[in-house]
2 protein chains.
Amino acid sequence: MSKIDYIKNSEIFKALSNPIRLQMVDFLLDDECCVTDVVNELGISQSASSQHLLILKNSGIVYPEKHGTRTCYKVKNKLAEEIIKLLKTNNND
Amino acid sequence: MSKIDYIKNSEIFKALSNPIRLQMVDFLLDDECCVTDVVNELGISQSASSQHLLILKNSGIVYPEKHGTRTCYKVKNKLAEEIIKLLKTNNND
DNA sequence: TTTACATATTAGAATATCCTAATATTATAA
DNA sequence: TTATAATATTAGGATATTCTAATATGTAAA
């Protein structure tokens, strides 16, 4: 029953407030992937993909792991994971 | 295990992506209230309050009930309620 | 009815978001 | 090395957000 940090939490929602980023998080939860995979899966430009991933990284939802020339992004945020789970179970009217 | 509607759900997050609106939803969950109460609780202008409440209404998170000159806003959205619950229980690092 | 109260709406400025196009960086392969 | 692949960064335009200030609307009390 702790107090909510509205500013901090609203930043998580801001990160998830874009449909592309929401899809990215869902996709990276199943298959942690490199940027090119995300580009192919979502059908967006490489630049846009990098910029969205940066936003997700800055909001603490994903983190990058370098492997050679590739960067593999993984979701690591309990709240974000719980929220995605909610979206999947909620037969949201 | 249904597919997620990214566009639709991202709109909920957009509504919650502003700290004032996030606080509004939390406040209205406890004490469903008229606009003036919200104004006093959050310390924002009447106009800003009305505009934020309209956004919450349009996103399907709250709905208004008229009582005389007052408008009483209530939260009615299962997903939003679950999310706020998550924020309260998650000892979010 | 006038007046006051509660809320809604509008206009416009400041700022933020998000895209594309172009270029930079970095690591491996040839 | 040089070339290529993968990713990051930058600039700038189009659009969206959010505030304040001003005005409009609706209801009830005097």
Side-chain angles (χ1 to χ4, degrees), chain A residues 6-28 31-76 80, chain B residues 6-28 31-76 80:
Chain A
Y6 301 111
I7 294 177
K8 183 180 170 193
N9 282 299
S10 68
E11 279 161 16
I12 294 284
F13 295 127
K14 186 177 291 181
L16 299 177
S17 74
N18 178 286
I20 288 174
R21 287 195 296 269
L22 188 54
Q23 188 177 1
M24 275 184 170
V25 174
D26 187 31
F27 179 56
L28 293 175
D31 324 70
E32 117 265 325
C33 282
C34 70
V35 179
T36 301
D37 295 332
V38 173
V39 167
N40 292 332
E41 171 74 12
L42 304 206
I44 59 174
S45 74
Q46 179 267 317
S47 176
S49 190
S50 266
Q51 291 177 69
H52 281 303
L53 286 166
L54 179 63
I55 290 171
L56 289 174
K57 187 186 111 188
N58 287 342
S59 73
I61 293 178
V62 305
Y63 70 97
E65 260 181 16
K66 299 264 183 184
H67 295 112
T69 80
R70 312 230 164 143
T71 309
C72 171
Y73 281 90
K74 300 185 181 183
V75 176
K76 189 174 183 183
Chain B
Y6 301 112
I7 293 177
K8 183 180 170 193
N9 282 299
S10 69
E11 278 161 18
I12 295 284
F13 294 127
K14 186 177 289 181
L16 298 177
S17 74
N18 178 287
I20 287 174
R21 288 196 295 270
L22 188 54
Q23 188 177 2
M24 276 183 169
V25 175
D26 187 31
F27 179 56
L28 293 175
D31 323 70
E32 119 264 327
C33 282
C34 70
V35 179
T36 302
D37 295 332
V38 174
V39 167
N40 293 331
E41 172 74 12
L42 304 206
I44 58 175
S45 74
Q46 179 268 316
S47 176
S49 191
S50 266
Q51 292 176 68
H52 280 303
L53 285 166
L54 179 62
I55 289 170
L56 289 175
K57 187 186 111 189
N58 287 342
S59 74
I61 294 178
V62 305
Y63 70 98
E65 261 181 17
K66 299 263 183 186
H67 295 113
T69 80
R70 312 229 164 142
T71 308
C72 171
Y73 281 89
K74 300 185 181 183
V75 176
K76 189 175 184 182

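Throughout, protein chains are lettered first and strands after them, A, B, ... in sequence-line order, and every chain is numbered starting at 1.
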Return the minimal non-hydrogen interatomic distance between B:V38 and B:S49, and the atom names on each side.
CG1-OG, 3.5 Å
Within the pair [X] and [N], is there a side-chain N or O less than 4.0 Å away from OP1 or OP2?
X: B:S45; N: D:dT20; result: yes
X: A:H52; N: C:dC19; result: yes
X: B:Y73; N: C:dA6; result: no
X: B:S50; N: C:dA8; result: yes

Rounded interatomic separation in angstrom, taking [atom1] from [X] and [atom2] from [N]:
X: A:L54; N: D:dA8; atom1: CG; atom2: C1'; result: 9 Å
X: A:N58; N: C:dT17; atom1: CG; atom2: C1'; result: 14 Å
X: A:H67; N: C:dT26; atom1: NE2; atom2: C1'; result: 16 Å
X: B:N18; N: D:dA16; atom1: CG; atom2: C1'; result: 13 Å
X: A:K14; N: C:dT15; atom1: NZ; atom2: P; result: 15 Å
X: B:F13; N: D:dT17; atom1: CZ; atom2: P; result: 17 Å
X: A:R70; N: C:dT28; atom1: CZ; atom2: P; result: 12 Å
X: A:I44; N: D:dA6; atom1: CD1; atom2: P; result: 17 Å

Quick one: label B:S47 by what it contacts on the DNA or RNA (base, sugar-phosphate, nothing), any heavy atom closer than 4.0 Å.
base
Base, sugar-phosphate or nothing for A:L53? Non-hydrogen atoms, less than 4.0 Å.
nothing
Option among B:M24, B:K57, B:K76, B:K74 that satisfies the side-chain contact (heavy atoms from CB on, under 4.5 Å) test with B:V62:
B:K57
Residue among A:L42, A:I55, A:I61, A:D26 satisfying side-chain contact (heavy atoms from CB on, under 4.5 Å) with A:R21:
A:I55
Please assess B:T71 against B:L53 for the test side-chain contact (heavy atoms from CB on, under 4.5 Å), listing each intermediate value before the final yes or no.
CA-CA 11 Å; B:T71 308; B:L53 285 166; over 6 Å; no
Side-chain atoms of B:K66 come closest, of D:dT27, C:dA8, D:dT20, to C:dA8
Looking at B:L54, I'd like to know if its CG atom is crowded, meaning that more than 12 non-hydrogen atoms belonging to other residues, nucleotides or ligands lie closer than 6.0 Å.
yes
Less than 3.5 Å between a donor and an acceptor, one on the side chain of B:Q46 and one on the base of C:dA8, is that the case here?
yes
The answer to which of A:I55 and B:Q51 contacts DNA chain C further toward the 5' end, by nearest nucleotide, is B:Q51
Assert: residue with more 5' nearest nucleotide on DNA chain C, out of A:S17 and A:G68, is A:S17
